[in-house]
Structure formats: C-alpha cells, structure tokens
Amino acid sequence: MTAPADPNELKGEDWAGEMGIKWLTHIDRFEGMIAPIGDALLARASIAPGERVIDLGCGGGLTSLAAARATGPDGAVLGLDISPDLIDEARRRAEGHPNVSFVCADAATVALDTPYDRLISRFGSMFFADPFAAFTNLHALIKPGGRIDLAIWAAPRDNPWMMELMGVARSHIDIPSPDPRAPGPFAFADLDYVRDILAHPGFSAPDIEAYQGEQAIGGPGASPDEAADFALASMAIGRALAEAGDDVLARARADLVTLFEKRHVPGKGVMMANKVWLLSATA
C-alpha cells in the first residue's frame with residue numbers, strides 16, 4: 001500500500017478547466033457510455049413542440065440537439081455549461097440548427113432575459129458548491145409551473161461500475177472516503193438531501209423513478225484494454241494512481257483489464273451495472 005491519496009483528488013472537479021478538457025478529449029466514449037440514460041431522461045421529460053428548454057450541464061450538446069428535435073422549429077433550446085471547451089464543441093455540432101444556442105456560464109449565477117418552460121439535465125446538476133443557492137437561481141430561470149427533469153446518480157453502493165473500479169484503485173492506494181455531499185457525481189445520492197434542496201426555492205416535491213441498466217465502460221464496443229485506458233485517463237482514480245508512481249499505475253491497469261475481461265460482452269463492450277434516479281419537479 002502506498003501513501004494515502006489526497007482526499008481532494010476525488011472531490012472537487014474543475015469542469016471549467018481540467019475536467020471539461022478531459023471530457024472533450026474522450027467525448028465519444030463518455031457520451032456512448034451514458035447515452036441510454038440520456039435517452040431515458042428525454043423519454044420521461046416528454047418535451048413538447050414549441051417549448052423553450054434549458055439543458056443544464058449540456059457538455060458537447062447531444063442532449064440539447066435531441067431536445068431541439070422535440071421542440072421543433074417553434075421551440076428553442078439553450079445549452080448551459082461552465083466549460084468553454086465543451087461549449088465550443090457544442091456550437092460546432094449545432095451548426096445549421098437555428099433553434100439551439102449555447103452559453104458558457106455558471107448556472108448557479110447566470111441570469112436570462114426571459115424564463116424558460118423547461119429544464120433538463122443529464123448529470124449536470126450535482127457539481128454546485130452551494131446547491132441551495134444554485135437551485136434558487138435555477139428556479140428563477142423557469143416559468144411558474146415549469147418543469148425540471150434531472151438524471152442523477154444513485155448511491156455508489158448501487159453502482160457497481162463505480163464501486164468495482166474504486167475497489168481496484170483502493171487495492172493499490174489509500175483513498176479516504178469523501179464527504180458524500182461534496183460537489184461531484186454522487187453528491188445527490190441522498191434523496192432527502194435533494195428534496196431539501198428543491199424545496200428551498202419552492203420546487204414541488206419531486207417525482208422520482210429508478211433507472212437501472214448496464215453501461216459500456218469506455219463506450220459501446222470498447223475492449224477491456226480500451227476501457228482500462230479510458231478509466232485511467234478520464235476518471236479521478238487515474239490521476240490518484242498516476243501520482244503514486246508508474247509501477248502502481250501499471251499494476252492497477254493490469255487489475256482493471258482483468259476485471260473488465262470478466263465484464264466484457266462480445267459485440268457490446270465492457271458492461272457494468274448502474275443505477276440512476278430520474279427526477280421531475282415543477283417550479
């Protein structure tokens with residue numbers, strides 16, 4: 001066992017900088033991995049023609065473009081993301097789609113000229129330093145009675161794709177458990193906490209549905225080696241392992257490949273179970 005990793009390594013994520021660049025570098029693999037969850041979010045949201053929609057944490061804009069197809073030419077979609085690199089990619093992808101626009105801004109403080117009908121977010125709502133203040137601002141961006149639809153990760157223990165990767169990392173380095181409510185992918189795993197955040201500015205009690213399935217680590221069709229390289233290059237555990245030295249990183253990579261070989265399904269990729277909450281509320 002090496003020296004403990006800095007606990008902050010697995011906490012705050014700089015989406016305006018490093019994490020946004022990492023996502024862009026591996027965008028096809030990231031998007032392919034969570035595409036089924038985005039599809040489920042949009043199916044549940046049932047966006048109607050003519051609606052004006054905010055896509056919170058829009059990333060490379062695929063969910064924004066899908067929402068724009070649902071709104072049709074009489075509607076509009078505004079993608080918000082704090083990463084300038086991802087916003088540039090989203091704008092490139094949206095060329096020729098006049099009902100989609102993108103703004104690089106912190107959704108916790110951004111002000112819009114007029115309120116929107118809807119807000120959707122595929123894993124873009126869990127990274128606010130002060131979620132109570134952020135959701136107060138989001139409430140102001142939505143018309144009274146307007147709806148929000150969020151996809152948020154359930155607890156890590158319900159997500160073997162994360163727990164098994166962390167298990168490999170922890171067999172090589174000491175990773176202290178982070179504050180479960182610290183900004184990050186699993187910050188909203190406690191649904192009572194989420195209910196409190198939504199109630200603070202006046203959102204309705206949320207309707208919550210569980211989504212459970214499997215996701216392809218590194219995207220559909222990735223081999224065990226490709227999935228291991230993706231995990232180490234794009235996830236926080238990779239940075240922590242790399243800082244422990246090349247030998248530790250190499251041993252951890254070999255263990256990841258062994259794990260992924262057990263989870264590999266020919267023609268589909270490295271398939272690992274997930275659990276997500278699909279949450280809807282009204283302003």
Checklist entry - With under 30° as parallel and over 60° as perpendicular, where do the rings of F188 and F135 fit, or are they tilted in between? => result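 F188 and F135: tilted rings.
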Output the distance between atom [atom1] ([X]) and atom [atom2] ([Y]), rounded to the nearest 0.5 Å.
X: R69; Y: I47; atom1: CZ; atom2: CD1; value: 11.0 Å
X: D88; Y: S83; atom1: CG; atom2: OG; value: 8.0 Å
X: L112; Y: N137; atom1: CG; atom2: CG; value: 8.0 Å
X: T136; Y: F132; atom1: OG1; atom2: CZ; value: 9.0 Å
X: L62; Y: D28; atom1: CG; atom2: CG; value: 8.5 Å
X: L198; Y: D196; atom1: CG; atom2: CG; value: 9.0 Å

Within the 4.5 Å heavy-atom criterion, are [X] and [Y] side-chain neighbours or not?
X: P206; Y: R195; result: yes
X: L86; Y: I27; result: yes
X: F260; Y: S223; result: no
X: Y193; Y: P131; result: yes
X: D246; Y: V248; result: no
X: L141; Y: P115; result: no
X: R52; Y: T114; result: yes

Strictly distance-based, threshold 3.5 Å: is any side-chain N or O of [X] a donor or acceptor partner for the main-chain N or O of [Y]?
X: N99; Y: A68; value: yes
X: T258; Y: A254; value: yes
X: R118; Y: G146; value: no
X: N159; Y: A155; value: yes

Checklist entry - Does the pair V103 and I87 meet the rule for a side chain to side chain contact (heavy atoms under 4.5 Å, CB included), with working shown? => result CA-CA 7 Å; V103 171; I87 286 292; over 6 Å; no
Item to check | V53 vs I120, side chain to side chain contact (heavy atoms under 4.5 Å, CB included): CA-CA, chis, key distance, verdict | outcome: CA-CA 7 Å; V53 182; I120 60 171; 4.1 Å; yes
Nearest non-hydrogen partners of [X] and [Y], listed with the distance:
X: A107; Y: L138; value: O-CD2, 3.8 Å
X: A252; Y: V168; value: O-CG1, 3.7 Å
X: G59; Y: D81; value: N-OD2, 2.8 Å
X: A76; Y: T71; value: N-OG1, 3.9 Å
X: S234; Y: H26; value: CB-CD2, 3.8 Å
X: V110; Y: A105; value: CG2-CB, 3.9 Å

Electrostatic pair [X]-[Y], nearest N-O below 4.0 angstrom:
X: R263; Y: E164; result: yes
X: R93; Y: E31; result: yes
X: D117; Y: K143; result: yes
X: R44; Y: D207; result: yes

Next on the checklist: Applying side chain to side chain donor-acceptor pair (under 3.5 Å) as the test, list every pair that has at least one member in residues 55-67; sequence neighbours left out.
Outcome noted: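 Of all non-adjacent pairs touching residues 55-67, those that pass side chain to side chain donor-acceptor pair (under 3.5 Å) are D55-T63, D55-S64.
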Next on the checklist: Is there a side chain to side chain contact (heavy atoms under 4.5 Å, CB included) between R147 and L119? Walk through the geometry before answering.
Outcome noted: CA-CA 6 Å; R147 175 170 158 171; L119 181 146; over 6 Å; no
Cluster link [X] to [Y], ILVMFWY, side chain under 4.5 Å:
X: M235; Y: M126; answer: yes
X: L42; Y: I142; answer: no
X: I173; Y: V257; answer: no
X: L150; Y: I34; answer: yes
X: I175; Y: F186; answer: yes

Listed pairs under 3.5 Å, donor-acceptor, residues 266-279 side chains, sequence neighbours left out:
from: N274; atom 1: OD1; to: G213; atom 2: N; distance (Å): 3.0
from: N274; atom 1: ND2; to: Q215; atom 2: OE1; distance (Å): 2.8

Checklist entry - Under 3.5 Å, is there a donor-acceptor pair between the S280 and D149 side chains? => result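 Indeed, the side chains of S280 and D149 share at least one donor-acceptor pair under 3.5 Å.
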Next on the checklist: Considering only residues two or more places apart or on different chains, which pairs with a residue in residues 98-126 satisfy ring-ring contact (aromatic ring centres under 6.0 Å, His included)?
Outcome noted: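 ring-ring contact (aromatic ring centres under 6.0 Å, His included) check on residues 98-126 returns F123-W153.
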Next on the checklist: Tell me if the aromatic rings of H139 and F203 count as close, with their centers under 6.0 Å from one another.
Outcome noted: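 Aromatic pair counts; centres sit under 6.0 Å.
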Next on the checklist: Please determine whether side chain to side chain contact (heavy atoms under 4.5 Å, CB included) holds for the pair D225 and R253, giving the CA-CA distance in whole Å, both sets of side-chain angles, and the decisive distance to 0.1 Å.
Outcome noted: CA-CA 9 Å; D225 280 286; R253 184 189 181 280; 3.0 Å; yes
